[in-house]
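Throughout, a chain's letter reflects where its sequence line sits, starting with A, and its residues are numbered from 1.
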Amino acid sequence: MPAKLPSTIAPHLLARYDRHARDLPWRAPPGTPPPAPYRVWLSEVMLQQTQVATVKPYFERFTTRWPDFESLAAADEGELMAAWAGLGYYARARNLLACARQVVRDHGGRLPDTEAELRKLAGIGDYTAAAIAAIAFGARAVVVDANVERVVARLAALEDPLPAARPTVRALADTITPEPRAGDFAQAMMDLGSDICTARAPRCLLCPLRADCAGHASGAPERFPVKTPKRKRPHRRGTIFWLTSGDSVLLVRRPDKGMLGGMRALPTGPWTDAAPGLAEPPIPAEWRLHDATVRHGFTHFTLECTLASARVEAHINPEAGSWWPIDDLDSAGLPTLFAKAAAVMKKQG
DNA sequence: TAGGCGTGGAC
DNA sequence: TGTCCAAGCCT
């Protein structure tokens, strides 16, 4: 394990935070009482692997429509999933509802204030439990996210590659986390990672920790954190079925488990190495394969879907499907892959 | 424990 | 275009 980090880091960082803290809807200015735990929790879940600019409009809509745990716990799951559409990682939405119901049922509608208790709730892992404990309740918790990993790896010029070196990073972060203002410290680290100590081309000339940083001293701070190489993403092919009747199109609900679980969707065939053509349509019909395709990148593979369409006279009623007005598809809450496909089909007429 | 799980921005 | 990356969690 590398040497202990300089004790000047926390005061330097907090001094910058007092002057330059970002003004965010879920954040209280430094030196003022913390926001409601509900808002801290909701923002932290939305921010998991998701950038601030993307989260802002979702946070505003959710807090307007469901301002507290009680109202969210009473929400209809389908409406909540639709409201989450476009934000990604849809298991978060299912866990959000499960967590709100846990809080109402087991904790009287108030979020527990310790890491250990928070950690038991759906969708709350090590990072989120620490962040809530520190930011909402003022506890001294060691908050380690991707920003903290990057900043600490640079401060220490850590040669051990992530993610294996995560325990080392956490131990180093522990040595610089202050007892008072642990929440401000965590948010200050994230602001630093977002504004200055960025993944590529860090702006060291603006950094309040420059004199404390072994990465900067090394002359190549962008080299850190060292990471083990990733496997490249495979390509898959699929077909999206556009079945219309009158002014409506057939939508299905995807299984809770697996890709886009629980989301409303256009029917698809299998996703495989080779283009599957008209395999596994939602119903037998005079399907026509189009030239148009839709490409979409997921976390661990990219998908290219061919579009197929057919028309039926009556609103047949398949078990898992429902008819949706084509002009109102924006309100269906479709994941981006299907929103793209719908846009192409509406354009083609 | 390593892989499944979305999306949009930066370059 | 492709690639990497981002306030991770779950199994």
Inset, instruction - Record whether the side chain of A:T299 comes under 3.5 Å of the base of B:dG6 through a donor-acceptor pair of N or O atoms. - result: yes
Legend entry - Same cluster (ILVMFWY, side-chain, under 4.5 Å), A:L121 and A:L42: yes
Legend entry - Common cluster, A:Y17/A:M190, ILVMFWY with side-chain heavy-atom separation under 4.5 Å: no
Legend entry - Touch class at under 4.0 angstrom, heavy-atom based, for A:M46 against every strand present: nothing
Inset, instruction - Classify the nucleic acid contact of A:L87 as base, sugar-phosphate or nothing, counting any heavy atom under 4.0 Å across all strands shown. - result: base
Inset, instruction - Just say parallel, tilted or perpendicular for the rings of A:W41 and A:F69, cut-offs at 30° and 60°. - result: tilted
Legend entry - Pair of N/O donor and acceptor under 3.5 Å linking B:dC11 base with A:R200 side chain: no
Legend entry - C1'-based separation of C:dG8 from B:dT1 [nearest Å]: 15 Å
Inset, instruction - Report which part of the nucleic acid A:P335 touches: base, sugar-phosphate, or nothing (heavy-atom distance under 4.0 Å, all strands). - result: sugar-phosphate
Inset, instruction - Determine whether more than 12 heavy atoms belonging to other residues, nucleotides or ligands lie under 6.0 Å from atom CZ of A:R110. - result: no
Inset, instruction - Sticking with atom P, work out how far C:dA7 lies from B:dC11, rounded to a whole angstrom. - result: 15 Å
Inset, instruction - Determine the contact category for A:A53: base if any of its heavy atoms lies under 4.0 Å from a base atom, sugar-phosphate if only primed atoms, P, OP1 or OP2 are that close, otherwise nothing. - result: nothing
Legend entry - Whole angstrom value for the distance that separates P of C:dT1 from CZ of A:R233: 14 Å
Inset, instruction - Please report, rounded to the nearest Å, how far the P atom of C:dA6 is from the CE atom of A:M190. - result: 13 Å
Legend entry - Touch class at under 4.0 angstrom, heavy-atom based, for A:G258 against every strand present: sugar-phosphate
Legend entry - Test item: side-chain donor near acceptor, A:E44 and A:Y127, under 3.5 Å: yes
Legend entry - Out of C:dA7, B:dT7, B:dC5, whichever nucleotide has its closest atom nearest the side chain of A:Y89: B:dC5
Legend entry - Whole-Å P distance, C:dC10 and B:dG8: 24 Å
Inset, instruction - Could you tell me the separation between the CH2 atom of A:W41 and the P atom of C:dG8, rounded to a whole number of Å? - result: 17 Å
Legend entry - Spacing of A:N95 atom CG relative to B:dC5 atom P, expressed in whole Å: 15 Å
Inset, instruction - Tell whether A:R166 reaches the base of B:dA2 with its side chain through a donor-acceptor pair below 3.5 angstrom. - result: no
Legend entry - Nearest listed nucleotide, side chain of A:D145, among C:dA6, B:dG6, C:dA7: C:dA7
Inset, instruction - Answer yes or no: does a side-chain N or O of A:T128 lie under 4.0 Å from OP1 or OP2 of C:dA7? - result: no
Inset, instruction - Rounded to the nearest angstrom, tell me the gap between atom NE2 in A:H235 and atom P in C:dG2. - result: 6 Å
Inset, instruction - State which of B:dG6, C:dA6, C:dA7 makes the closest approach to the side chain of A:R27. - result: C:dA7
Inset, instruction - Name the residue closer to the 5' end of DNA chain C, choosing between A:R295 and A:A146 according to the nucleotide with the nearest heavy atom. - result: A:R295
Inset, instruction - Treat each ILVMFWY residue as a node, draw an edge where side-chain heavy atoms are under 4.5 Å apart, and state whether A:V143 and A:L162 are in one component. - result: no
Inset, instruction - Using a cut-off of strictly less than 4.0 Å, decide whether A:Q49 has a side-chain nitrogen or oxygen near OP1 or OP2 of C:dG8. - result: yes
Inset, instruction - Assign each of A:K257 and A:L24 to its nearest nucleotide of DNA chain C by heavy atoms, then name whichever residue's nucleotide is nearer the 5' end. - result: A:L24
Inset, instruction - Would you state whether a donor and an acceptor, one from the side chain of A:T50 and one from the base of B:dG8, lie under 3.5 Å apart? - result: no
Legend entry - Separation of C:dC9 C1' from A:L121 CG (nearest whole Å): 13 Å
Legend entry - Minimum-distance nucleotide to A:H300 side chain [options: B:dG4, B:dG6, B:dT7]: B:dG4
Legend entry - Pairwise C1' distance, C:dC5 and B:dG6 [rounded to whole Å]: 13 Å
Inset, instruction - Please check the phosphate of B:dG6 (OP1 and OP2 only) for any side-chain N or O of A:R92 closer than 4.0 Å. - result: no
Inset, instruction - Taking only the side-chain nitrogens and oxygens of A:H296, find out if one of them lies under 4.0 Å from OP1 or OP2 of B:dG6. - result: no
Legend entry - d(CG, A:D191; P, C:dA7) in whole Å: 11 Å
Legend entry - Interatomic distance, A:M259 CE vs B:dG3 C1' [rounded to whole Å]: 13 Å
